[in-house]
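What follows is a set of notes on a single structure, which appears directly below.
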Amino acid sequence: SRSPIRTRIHRAMRQEATCSLVLTQDTHHRKDHQPPSEDEDGEDTDDAMLPSSCTILLRQEGDATVGEELLVPPLNFAMVDHGVYRSGFPDISNLPFLESLSLRSVLCLCPEPYPEANQEFLRAHGIRLFQFGIDGSKEPFVNIPEDRIREALKVVLDVTNHPVLIHCKRGKHRTGCVVGCLRKLQRWCLTSIFDEYQRFAAAKARVSDLRFMELFDISSLKHLPASFSC
């Protein structure tokens, strides 16, 4: 039987010939499709930002039948700027959501081979994969490869690659460093850059990441394209 909330939604849909987007917290679905419980640095992920699921309700005029499709964003998904998104590693349950973004490219910061299911999805939709493998270890004083971060930024700055999704395993550290360096190009102050990084890294924020972003030299990178907000 339908729940009272779902019954009210269906009644509303019968009264108008529109397409509605209903945002719901779907923690049970996320539990069924959650990536491995360990973080990229071997810790649990209780502080991860679980995304809301998006239920698309479609109705044709004069037809009381309502079709539904559940769209689940990847872990830690967020919009960075026009045509630039960030997230954790997308799993199979996230692919319909990625399709809705009409991506041109995906920028992966993990060194492991890209899963075949994800590669098939990219090929089927003409999405280009850029991969700059960076070790996700949390060893003290870890050496973050500046050359790879710089090459990743060049991909992000090239608007012909937009819309682009930047992701690592959990969308915290490696992705946070790339986005933080992009913010330096956007002339954000360090306090704002660190605050944004902290929102995603939470209790697992790394001093080495913050230090890297603070010292990163943006002088060799070209000016921001006009499509980027400042």
Side-chain angles (χ1 to χ4, degrees), residues 26-46 48-56 67-80 83-138 142 144-145 147-179 182 200-201 204:
D26 190 6
T27 55
H28 294 293
H29 182 88
R30 289 301 306 169
K31 184 179 294 185
D32 294 338
H33 297 277
Q34 192 78 347
S37 59
E38 288 190 344
D39 198 356
E40 59 197 25
D41 53 17
E43 298 182 8
D44 61 66
T45 58
D46 291 343
M49 296 172 61
L50 294 178
S52 299
S53 63
C54 304
T55 304
I56 302 294
E68 300 183 11
E69 181 181 6
L70 190 66
L71 301 181
V72 183
L75 193 71
N76 279 329
F77 176 84
M79 182 176 181
V80 177
V84 181
Y85 304 96
R86 64 178 290 169
S87 76
F89 212 112
D91 61 26
I92 294 177
S93 68
N94 306 137
L95 299 184
F97 176 84
L98 297 188
E99 183 178 1
S100 72
L101 299 179
S102 300
L103 296 174
R104 284 186 182 175
S105 56
V106 167
L107 173 58
C108 176
L109 301 172
C110 300
E112 298 80 11
Y114 215 59
E116 183 58 32
N118 292 57
Q119 290 194 50
E120 289 180 3
F121 170 79
L122 298 184
R123 287 193 293 264
H125 294 84
I127 301 172
R128 184 175 179 183
L129 174 64
F130 296 91
Q131 189 164 10
F132 300 99
I134 299 174
D135 185 10
S137 172
K138 70 163 196 172
V142 62
I144 302 172
D147 57 337
R148 293 179 189 174
I149 296 291
R150 197 173 298 278
E151 290 303 311
L153 279 173
K154 290 178 181 178
V155 171
V156 176
L157 292 173
D158 186 351
V159 294
T160 63
N161 296 323
H162 295 185
V164 58
L165 173 69
I166 310 166
H167 78 79
C168 53
K169 187 64 178 291
R170 299 292 175 184
K172 297 177 182 179
H173 305 119
R174 290 167 282 190
T175 298
C177 284
V178 170
V179 172
L182 174 64
F200 294 91
K204 295 174 184 155

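When reading the values below, keep in mind they use all heavy atoms of this one structure, side chains included, and skip hydrogens, waters and symmetry mates. All residue numbers in this chain count up from 1 along the given sequence.
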Report summary line: d(I134 CD1, D147 CG) to nearest 0.5 Å is 8.5 Å
Query raised in the report: Of the non-hydrogen atoms in A117 and L95, which two are nearest, and what is the gap between them?
Result: O-CD1, 4.4 Å
Requested in this report: Starting at OG of S87, measure out to NZ of K169 and round the result to the nearest 0.5 Å.
Outcome: 13.0 Å
Query raised in the report: Any idea which heavy atoms bring N161 and V164 closest together, and the distance?
Result: O-CB, 3.6 Å
Report summary line: On a heavy-atom basis, the closest approach of P74 and F97 is CD-CD2, 3.9 Å
Report task. Taking all non-hydrogen atoms of both residues into account, name the closest pair between P90 and N118 and its distance. Result -> O-ND2, 3.1 Å
Query raised in the report: So, for R174 and P111, which heavy atoms are closest and what is the spacing to 0.1 Å?
Result: NH1-CD, 3.7 Å
**Report entry** Approximate separation, where rounding is to 0.5 Å, of C177 SG and L109 CG
**Finding:** 9.5 Å
Report summary line: NE2 of H162 to CZ of R104, rounded to nearest 0.5 Å, is 9.5 Å
Query raised in the report: Nearest heavy-atom pair of F200 and G171: which atoms, and what distance?
Result: CB-O, 3.9 Å
Query raised in the report: Okay, side chain of Q131, backbone of P113: is any donor-acceptor separation there less than 3.5 Å?
Result: no
Query - Heavy-atom side-chain contact between N94 and F77 under 4.5 Å - result: no
Requested in this report: Measure the CG-CG distance between L129 and L165 for me, rounded to the nearest 0.5 Å.
Outcome: 10.5 Å
Requested in this report: Please answer whether the main-chain N or O of G133 pairs with a side-chain N or O of R148 as donor and acceptor at a distance below 3.5 Å.
Outcome: yes
Query raised in the report: With under 30° as parallel and over 60° as perpendicular, where do the rings of H167 and Y114 fit, or are they tilted in between?
Result: tilted
Query raised in the report: Where does the angle between the aromatic ring planes of F121 and H125 fall among parallel (under 30°), tilted (30 to 60°) and perpendicular (over 60°)?
Result: tilted
Query raised in the report: Hey, are the side chains of V156 and V179 touching, using non-hydrogen atoms and a 4.5 Å cut-off?
Result: no
Requested in this report: Can you spot which of L98, L101, V80 makes a side chain to side chain contact (heavy atoms under 4.5 Å, CB included) with Y85?
Outcome: L101
Requested in this report: Tell me, please, which residues at least two apart from E151 pass side-chain hydrogen bond (donor to acceptor under 3.5 Å, both in side chains).
Outcome: K154
Requested in this report: Kindly indicate whether the side chain of D91, heavy atoms from C-beta on, has any atom under 4.5 Å from the side chain of V72.
Outcome: no
Report task. Please round to the nearest 0.5 Å and tell me the distance separating atom CG of L107 and atom SG of C168. Result -> 10.0 Å
Requested in this report: Can you establish whether the number of heavy atoms outside I92 located under 6.0 Å from its atom CD1 is more than 12?
Outcome: no
